[in-house]
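Heads up, the thing below is written out as structure tokens.
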Amino acid sequence: MNDINFAILGTGGIGRRALEVSVAKDELMPIAACDRHGIAVDHGGLDVDELLAATEGNIASDGGTAIESSGDGIKEHGDDKGVVTSRQAVSTETPIEDIIAEHEAIDAVLIALPNLEHDFIPNIAERFADAGYEGVLVDVLKRSRVIGMLDEREEQLEESGITFVCGAGATPGLLTGAAALASQSFVEIEEIEIWWGVGLKSGYEDNRGTVREDIAHLPDYDIESARDLSDEDIEEIVDAHDGVIKFNDMEHADDVLLERAGICDTEDVTVGGILDLRNDQKPTTTTVKVTGRTFDGDVGTNTFELDDDTSMEANVNGPALGYLKAAVRRNRTDDYGVYGPAELMPGF
Ligand SMILES: NC(=O)c1ccc[n+]([C@@H]2O[C@H](COP(=O)([O-])OP(=O)(O)OC[C@H]3O[C@@H](n4cnc5c(N)ncnc54)[C@H](O)[C@@H]3O)[C@@H](O)[C@H]2O)c1
């Protein structure tokens with residue numbers, strides 16, 4: 001495969017690490033990155049070390065405490081933080097538009113933006129298509145509802161020449177792909193259980209989008225109420241749980257992604273997990289269990305486990321960039337449209 005010039009939308013907890021991981025991935029060259037206040041572009045390749053050093057402990061993050069942004073309805077937080085502090089970057093009020101303006105030089109875009117508005121990422125895809133972008137878009141979103149919104153735009157994406165991979169982080173993403181692979185032994189799936197453990201000693205401060213969106217899965221919250229929480233409210237919720245928050249029956253997109261790959265029905269899939277914001281050590285082992293019936297009548301369970309010592313950032317960004325490369329291969333054979341991670345695995 002030829003070289004891949006890629007861009008990252010969002011240089012927060014996930015986007016920064018994606019840049020770092022990309023250095024170890026052959027063929028990937030980051031040429032543009034943005035956050036809510038700034039954009040860095042270099043067609044010869046960004047200096048990742050400099051960009052990471054400039055944004056270390058200095059992410060232009062989201063919070064519920066500040067003003068409403070003009071165009072996309074997302075709440076803003078922070079001053080001139082983030083990418084603008086890099087010598088490669090300039091300040092802008094239209095970071096996403098500015099990346100779209102570079103589309104002819106870009107083969108693939110990793111969207112590492114918060115997903116606190118269901119239509120935020122689908123609308124970004126639409127804006128790329130409107131501009132005539134031909135290439136790959138990959139997101140790491142978690143919520144089921146967004147996929148339907150992308151499907152509604154599939155024709156427009158196909159006409160533009162866009163291959164979109166939706167939900168390509170860890171879960172959904174790596175674990176959805178693992179479930180798809182583990183399902184191949186069976187002719188009928190009875191149940192798929194995804195149970196994750198994440199330890200983030202760096203806490204809310206360094207993982208704002210991730211923590212806020214996870215809180216939206218707690219019984220007393222939804223995506224709207226979580227979006228409106230102040231930083232102090234979030235710290236209070238974390239304190240009330242002694243830093244360890246357990247989630248059951250989450251509205252994660254693994255279920256719809258497995259259904260659209262023809263593996264099982266959404267109701268056969270359950271997702272839950274434990275997030276520890278005081279320790280890097282995982283509070284529980286991340287496990288995927290696929291129970292099904294074989295062609296010769298047995299019922300069995302295939303189990304897939306992640307190593308307890310591998311970080312969340314490694315498990316999100318490695319697969320995200322791996323799926324990005326898989327999508328570029330498809331895009332270069334004129335295979336356009338919307339895909340989930342399970343559809344890029346062997347067919348059930
Ligand atoms: N699928 C998975 O396994 C998985 C795991 C972890 C996180 N995530 C998802 O990754 C996403 C990012 O999480 P995070 O912890 O990195 O969040 P974060 O808050 O640390 O970073 C978000 C970044 O997006 C930028 N941004 C926000 N709004 C913007 C706008 N309108 N224009 C330009 N830039 C904008 C911010 O400036 C920041 O750089 C979240 O949706 C989270 O749920 C997925």
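Note that the numbering runs from 1 along the sequence shown for the chain. On a predicted model such as this, the values are computed, not experimentally measured, just so you know.
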Could you go step by step and tell me if E313 and N207 meet the side chain to side chain contact (heavy atoms under 4.5 Å, CB included) rule? CA-CA 10 Å; E313 291 84 350; N207 305 280; 4.2 Å; yes
Give the intermediate values and the outcome of side chain to side chain contact (heavy atoms under 4.5 Å, CB included) for residues H241 and L218. CA-CA 12 Å; H241 288 81; L218 288 174; 4.3 Å; yes
Kindly indicate, with the supporting measurements, whether the criterion side chain to side chain contact (heavy atoms under 4.5 Å, CB included) is fulfilled by N302 and V288. CA-CA 8 Å; N302 282 340; V288 180; over 6 Å; no
Using side chain to side chain contact (heavy atoms under 4.5 Å, CB included), reason through R143 and H217 one step at a time and then give a plain yes or no. CA-CA 10 Å; R143 293 252 167 192; H217 290 284; 3.5 Å; yes
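I162 is not listed as a side-chain neighbour of E134, based on a closest heavy-atom distance of 4.5 Å or more. The shortest distance between side-chain heavy atoms of V84 and R36 does not fall below 4.5 Å. Residues L200 and V198 form a side-chain contact, since some pair of their non-hydrogen atoms from C-beta on lies under 4.5 Å apart. Side-chain contact between V83 and H37 is absent, with no heavy atoms from C-beta onward closer than 4.5 Å. Contact of the I234 side chain with the R208 side chain is not registered, since no non-hydrogen atoms from C-beta on lie closer than 4.5 Å. Using a 4.5 Å heavy-atom cutoff, the side chains of I245 and D214 are not in contact. Looking at heavy atoms from C-beta onward, C34 lies out of side-chain contact with D98 at the 4.5 angstrom threshold. Counting heavy atoms from C-beta outward, V21 and L19 have side chains that stay 4.5 Å or more apart.
Clustering ILVMFWY residues whenever any of their side-chain heavy atoms sit less than 4.5 angstrom apart, transitively, puts M250 in a cluster other than the one holding I274. V136 and Y336 are assigned to two separate hydrophobic clusters, defined by single-linkage of ILVMFWY side chains at heavy-atom distances under 4.5 Å. Side-chain heavy atoms closer than 4.5 Å link hydrophobic residues (I, L, V, M, F, W, Y) into clusters, and following such links, possibly through other members, connects L137 to I31. Put simply, F120 and I39 are part of the same group of oily side chains (I, L, V, M, F, W, Y) that touch within less than 4.5 Å, one to the next. I194 is not connected to L257 by any chain of hydrophobic side-chain contacts under 4.5 Å among Ile, Leu, Val, Met, Phe, Trp and Tyr, and they are in different clusters.
Between the CG atom in D233 and the CG atom in D228 there is a gap of 9.5 Å [rounded to 0.5 Å]. Distance check, rounded to the nearest 0.5 Å: CZ of F164 to CD1 of I147 gives 9.5 Å. Residue R329 holds its CZ atom at 10.0 Å from CG of L324, rounded to the nearest 0.5 Å. Taking CD1 from I8 and CZ from R17, the interatomic distance works out to 11.5 Å, rounded to the nearest 0.5 Å.
Side-chain atoms of D222 come within 3.5 Å of backbone N or O of E224 as a donor-acceptor pair. Between the side chain of S160 and the main chain of E158, no donor-acceptor pair closer than 3.5 Å is present. T176 places no side-chain N or O within 3.5 Å of a backbone atom of T171 that could act as its donor or acceptor partner. With hydrogens and angles ignored, the 3.5 Å screen pairs a side-chain donor or acceptor of R212 with a backbone N or O of L229. N331 contributes a side-chain N or O that, together with a main-chain N or O of G135, makes up a donor-acceptor pair within less than 3.5 Å. Listed for the T55 side chain is a donor-acceptor partner under 3.5 Å among the backbone atoms of L51. Listed for the K142 side chain is no donor-acceptor partner under 3.5 Å among the backbone atoms of N115. Using a distance-only test at 3.5 Å, with no hydrogens or angles considered, no donor-acceptor pair links the side chain of D298 to the main chain of G300. Looking only at distances, a side-chain donor or acceptor of K25 sits under 3.5 Å from a matching main-chain atom of G318. A donor-acceptor pair under 3.5 Å is formed between the side chain of Q184 and the backbone N or O of A180.
Here the shortest heavy-atom pairing between F247 and L275 reads CE1-CB, 3.9 Å. Closest approach of T285 and D308 over heavy atoms only: OG1-OD1, 3.0 Å. Between C166 and P341, the shortest heavy-atom contact is O-CD, 3.2 Å. Nearest heavy-atom pair, G340 versus V165, reported as atom, atom and distance to 0.1 Å: C-CG1, 4.5 Å. G337 approaches E154 most closely through the heavy-atom pair CA-OE2, 3.4 Å.
No side-chain N or O of E305 forms a donor-acceptor pair with one of T286 less than 3.5 Å apart. Side chains of T294 and D296: a donor on one and an acceptor on the other come within 3.5 Å. In the model, N317 has no side-chain atom that pairs as donor or acceptor with a side-chain atom of E20 under 3.5 Å.
Contacts classified as salt bridge (charged side-chain N to carboxylate O under 4.0 Å, His left out) and involving residues 257-284 (residues at least two apart or in different chains) are given here: D151-R260, D239-R278, R260-E343. The side-chain hydrogen bond (donor to acceptor under 3.5 Å, both in side chains) pairs that include a residue from residues 187-199 are E188-R293, W195-T284, where partners are two or more places apart or lie in different chains.
Residues D35 and K81 are not paired through a salt bridge, judged by the lack of any N-O separation under 4.0 Å between the basic side chain and the carboxylate. Contact check on E56 versus R16 returns a salt bridge, with a Lys/Arg side-chain nitrogen under 4.0 Å from an Asp/Glu carboxylate oxygen.
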Less than 3.5 Å apart, which donor and acceptor atoms pair up between the side chains of residues 99-107 and the rest of the protein, not counting sequence neighbours?
from, atom 1, to, atom 2, distance (Å)
E102, OE1, H43, NE2, 2.7
H103, NE2, A131, O, 3.1
D107, OD2, N5, N, 2.7

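Results of the side chain to side chain contact (heavy atoms under 4.5 Å, CB included) test with F6 over V138, L28, V328 single out L28 as the only residue that passes.
Remark: R330 qualifies as a cation-pi partner of Y339 under the 6.0 Å distance and 45° angle criteria applied to the six-membered ring.
Within a 6.0 Å radius of CD in Q281, no more than 12 heavy atoms belonging to other residues, nucleotides or ligands are found.
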